[in-house]
Amino acid sequence: MRILMLAAVALSISSACLLYGLSYDTRLLQARVRAQEQAIDLAHRDIAVLKAERAHLGRPARIAPLARAQGLGPASEHQLTGSPAAALASVLAETRRRSASVVQGN
Amino acid sequence: MARTVTHQVPLGSSPVMAKQLKPRTNSVNGPLRILIATSLVGLAFLAIATQLVRLAFHGQFQITTTLNQAVAESFARADIVDRNGRLLASDVEAHSLFADPAHVLDRDEVVEKLSAIFPDLDQDQLRADLANRKRRFVWIKRGISPRTAQRVHNLGLPGLSFRRELRRVYPGGKLAGHVLGHVNVDNKGMAGIERYLDEVVGVEAVHGATLAERAPVRLSLDIGVQHAVEDELRASMKRYQAKGVAGLVLDIETGEVLGSASLPDIDPTTPTMSLQPARLDKIASSTFELGSVFKTVTAAMALDAGLVTPETVFDVREPLTAGRYTIKDQHPAARPLTVAEIFIHSSNVGAGMMALEAGPQRFQAFLKRLDLTEPIKTEAGPVAAPRLPENWHKAETITASYGHGLAVAPLQFAAAVGALLNGGDRIVPTFIKPQPDAEKKRDAVISAETSAEVRALMRRNVTDRYGTGKRAAVPGYPVGGKTGTAEIPGSGGYRKDAVIASFISAFPMNKPKYLVFVLLFEPKPTGAAGGEVLAALNAAPTAGRIIARIGPILSVPPTGVTALGTARASFDAIATAKYETQ
């Protein structure tokens with residue numbers, strides 16, 4: 001009986017120790033999870049700011065004058081052809097014309 | 001070997017033993033003690049458990065609400081993006097400064113130093129707030145930038161602290177300000193699409209700066225179209241010295257609004273701007289007598305009822321009379337006109353005669369069929385209710401035929417005209433991009449044949465050399481439209497010096513997809529408009545310029561070199577290279 005009692009006490013003490021260890025590990029893990037969550041939250045907030053900044057920098061009111069300064073404008077009928085083949089033919093004809101003018105110049 | 005000695009002691013001879021062996025007088029004492037001890041331990045555990053439960057249910061809230069009680073919870077909102085996913089509104093983290101008056105040592109120092117950083121701070125109010133030491137929480141400034149927060153922090157003043165909060169930002173600035181609406185200081189939607197987010201999409205009540213995890217709300221607006229419309233309207237407002245301008249681009253197949261602008265505009269970050277009467281949204285929040293653009297409806301009614309054809313002739317040389325009213329054209333025709341000519345020359349007499357041919361009941365029924373008699377609502381809020389004549393007699397029928405005596409919101413009118421042009425299907429204007437698999441129910445308001453005839457009339461009004469809409473012509477784009485120059489009602493009648501010049505148009509007219517509606521409020525007879533205030537000279541060219549800009553954005557290629565509906569047009573490499581090398 002005494003042996004049993006001693007064993008029970010030892011078991012209680014060891015389980016208490018084990019429980020303390022588990023609790024300690026859990027708290028550590030919990031702290032790590034919290035840190036990770038905070039890092040994710042921070043990253044989310046940073047992404048939100050970056051998204052807003054990108055949209056602000058890419059707003060049409062800012063891009064339009066820059067594009068115009070570069071000589072860009074809305075597509076006109078002169079820029080469009082009926083098919084890729086027609087576009088290619090147009091490019092080849094223009095290239096031939098330029099080559100011919102260069103040869104004549106020489 | 002150990003020896004064991006056994007002492008024989010007679011029972012009861014030792015006093016101790018005698019006491020131990022004294023016969024028990026109460027045999028239940030032992031179990032009773034155990035019971036009492038167990039009960040005490042149990043009660044102790046019960047007390048602890050009760051305390052734990054109490055803390056679990058009540059203790060936590062008591063802790064968190066001590067400071068937050070005075071602070072309303074904030075709301076995390078979904079992003080708002082345009083139809084192509086470009087950001088229009090989003091939440092970002094911002095710092096908000098508050099004070100605990102009980103911990104403020106020197107009130108005057110706090111007020112003085114903070115005023116240097118925040119010049120708009122109400123010093124007297126802050127001093128009064130800080131004087132009340134019973135208050136433990138006083139907001140000083142909300143939604144300040146990290147740099148400003150750092151400056152405040154560097155002051156090292158006790159009693160000041162920061163809270164992280166969500167602030168709504170609008171990266172496009174004033175772009176689509178009327179449609180987006182605004183939020184209040186707690187990030188709660190108060191108007192426009194922001195309110196729709198609160199009422200329909202849902203927002204999350206949060207403490208601190210926790211971002212919403214909802215999917216963005218995709219609007220039907222196209223940022224490129226919206227900017228082009230606003231840009232051209234702004235230029236026209238200056239060119240024609242108008243008090244205000246408004247414009248709308250509507251997809252007449254789906255009812256989606258691709259662009260909606262009203263100038264002077266509002267900044268969503270400054271909600272008080274929207275309270276100024278001049279900055280009201282003229283597209284949806286106000287009604288106007290739109291004038292001759294309404295002849296589109298009158299003509300459609302007469303055509304759809306089979307009362308006339310485009311070639312039916314009306315004698316419009318003499319004025320119309322209704323009671324004490326006389327209706328005449330500004331430039332009376334010298335000969336009878338066909339329905340098409342009435343439309344092109346914008347004859348009030350001709351429109352009145354068509355309306356009389358139909359009669360007041362039929363006219364009212366047609367307006368009802370086009371949803372022009374009842375208030376409508378969009379995601380951006382309720383549209384101003386139409387104002388109709390109380391009694392429909394001959395005079396009201398005539399004036400309504402050319403857009404006077406009844407007032408509707410431009411958005412509602414645009415949706416009605418869109419239905420007349422798209423083959424006759426009713427459309428409901430929307431600011432939200434519908435799901436690709438959304439079912440579209442066909443609800444005819446006029447026949448497809450009538451719709452084709454109305455399209456032809458509007459197209460002819462732009463191509464005809466006498467057409468009032470000829471200045472809206474855009475090279476490469478088949479445009480059609482109708483002008484309207486409506487005098488504005490004032491005290492004692494209509495004001496001769498103030499008009500609303502408008503142009504309602506659609507393109508490409510062989511299969512209209514987009515409707516463009518432009519309104520200029522009180523334009524001046526500037527040199528750019530030939531010294532006139534006529535819509536033909538100011539609103540029509542404005543609409544043309546808008547169409548020239550938004551056509552390519554909306555993937556409607558100019559038709560000069562390729563037929564619409566054929567294979568996708570390709571960019572001419574040489575022409576493109578020319579731009580690239582400039």
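All heavy atoms count here, side chains included; hydrogens, waters and symmetry mates do not. Note that the structure is predicted; figures quoted are calculated from it, not measured. Below, read A as the first sequence line, B as the second, and so on, with proteins coming before strands; counting in each chain starts at 1.
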Inter-residue atom distance B:L258.CG - B:R83.CZ, 0.5 Å rounding |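 These two atoms lie 5.0 Å from each other.
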Could you walk me through whether B:E165 and B:S96 pass side-chain hydrogen bond (donor to acceptor under 3.5 Å, both in side chains), step by step?
-> CA-CA 7 Å; B:E165 283 194 308; B:S96 291; 2.5 Å; yes
Going by residue number, which parts of residues 43-57 of chain A are within reach of chain B, meaning a heavy-atom gap below 4.5 Å?
->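 A:H44, A:R45, A:A48, A:V49, A:K51, A:A52, A:A55, A:H56 fall under the 4.5 Å cut-off.
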Mind jotting down which residue pairs meet the side chain to side chain donor-acceptor pair (under 3.5 Å) criterion with at least one end in residues 4-25 of chain A? Sequence neighbours excluded, please.
->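 Non-adjacent pairs meeting side chain to side chain donor-acceptor pair (under 3.5 Å): A:S23-A:R27.
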[X]/[Y] ion pair, N-O < 4.0 Å:
{"X": "A:R34", "Y": "A:E37", "result": "no"}
{"X": "B:D82", "Y": "B:K433", "result": "no"}
{"X": "B:D231", "Y": "B:R545", "result": "no"}

Would you mind checking which part of B:R234 comes under 4.5 Å of any heavy atom in chain A, side chain (CB onward), backbone (N, CA, C, O), both or neither?
->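 No part of B:R234 comes within 4.5 Å of chain A.
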Interchain contact, B:A228 with chain A, by part (heavy-atom threshold 4.5 Å) =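 Looking at B:A228, nothing touches chain A.
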Verify the neighbour count for atom CG of A:L6: are there more than 12 heavy atoms of other residues, nucleotides or ligands below 6.0 Å?
->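 Yes, because the 6.0 Å sphere around CG of A:L6 holds more than 12 heavy atoms from other groups.
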